[in-house]
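Working notes, beginning with the structure itself.
Just so you know, residue 1 is the first one in the sequence shown, and it goes up from there. As the structure lists them, so they are numbered: ligands from 1, and atoms in each ligand from 1.
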Amino acid sequence: MAGPLSKNLQGCTLTVCQGDLTRQTVDAIVNAANSSLMGGGGVDGAIHKAGGPAILEECLQIRKTQGGCAAGEAVITSGGRLAAQYVIHTVGPIWRGGGNNEAKILTNAYRNSLQLAVDYGLKTVAFPSISTGAYGYPVEEAAKVALSAVLDFLRRRSENPPQNSESNLSEVRFVLFDPHTLNTYKSELESL
Ligand code: APR
């Protein structure tokens, strides 16, 4: 398994590694969900399986109050039985060739997930490679969008720091599931 890569950007450690997102000991992991919030396959299925029924119950509550979750938006539940305290559920774009605002929606998914994390005062967040599985987003493109979205978020925060410095992220981790995706994200991080 190729090794991880870390870089300190704007006071936050960006890490790219291979592993199982459900086993990460961070404040929040981010789920690549669908708009129904009713679970699915891939990382969504793994999170619900490992986290237990509490997560789906909370998703159902969210559906009752606000309907599902639009692409690019994010909602938060507890982590159930997971090591992570919270699960941030976001919905990436379905790849339709690149002319349907996919990059913007993917950027929003990362940005809104990070915004929820800082709103909750969280310090460590772990992402999967959103949209590059069932949703078909090309990994090379998605990695560029993902890392620049995170870097852009960190830059904006360091330009206008929040009142309480407590809510600063100390680590953003990308946990990838296969060597090709890992290497793609690693070379993207190296280029930053
Ligand atoms: N840990 C980390 N990454 C994982 C894991 C895991 N346990 N399981 C799968 N992945 C990886 C996939 O290999 C892929 O690189 O997560 C990435 C995203 O793939 P998907 O889970 O298929 O997510 P996405 O492409 O965003 O499609 C979302 O799939 O599972 C359904 O309900 C989900 O409808 C939604 C759609």
Proximity winner for atom 30 (O) of ligand 1, if only heavy atoms of A134, S36, G41 are counted: G41
Sub-4.0 Å atoms of ligand 1 with respect to non-hydrogen atoms of S129: 17 (C), 18 (C)
Check: V43 N/O within less than 3.5 Å of ligand 1 N/O: yes
Proximity of V139 to ligand 1 by residue part, where a heavy atom lies under 4.0 Å: neither
pair V30-P128: side-chain heavy atoms closer than 4.5 Å: yes
Minimum non-hydrogen distance to atom 10 (N) of ligand 1, winning option of F127, Y185, F177: F177
Contacting atoms of ligand 1, where contact means under 4.0 angstrom from a heavy atom of S131: 24 (P), 25 (O), 26 (O)
Side chain to side chain, P93 and N101, heavy atoms closer than 4.5 Å: no
Backbone or side-chain N or O of L176 under 3.5 Å from ligand 1 N or O: no
Test of proximity, D20 against ligand 1: N or O pairs below 3.5 Å: yes
Element-labelled atoms of ligand 1 that are located less than 4.0 Å from some non-hydrogen atom of A32: 23 (O), 26 (O), 28 (C), 33 (C)
Heavy-atom side-chain proximity of V125 to V26 below 4.5 angstrom: no
Atoms in ligand 1 flagged as close to N34, the criterion being non-hydrogen separation under 4.0 Å: 32 (O), 33 (C), 34 (O), 35 (C)
Nearest neighbour in protein (non-hydrogen) for atom 25 (O) of ligand 1: G133 N, 2.8 Å
G40 neighbourhood, listing ligand 1 atoms whose heavy-atom distance to it stays under 4.0 Å: 30 (O), 32 (O)
Donor on one side chain, acceptor on other, E73 and H89, under 3.5 Å: no
Heavy-atom check, side chain of R157 versus side chain of L154, under 4.5 Å: no
Side chains of R81 and P53 in contact at under 4.5 Å (non-hydrogen atoms): yes
Option set T22, L21, L106, criterion heavy-atom distance to atom 1 (N) of ligand 1, minimum: L21
D27 and Y120, any side-chain heavy atoms less than 4.5 Å apart: no
Distance filter under 4.0 Å to T132 heavy atoms, resulting ligand 1 atoms: 14 (C), 15 (O), 25 (O)
Nearest protein heavy atom with distance in Å, relative to atom 36 (C) of ligand 1: Y135 CE1, 3.4 Å
Check: D152 side chain, S148 main-chain N or O, donor-acceptor pair, under 3.5 Å: no
Expected output: side-chain R173 to main-chain T124 donor-acceptor under 3.5 Å: no
Where ligand 1 meets D44 - atom numbers and elements under 4.0 angstrom, heavy-atom basis: 30 (O), 32 (O), 33 (C)
Note, L169 side chain near F153 side chain (heavy atom, < 4.5 Å): yes
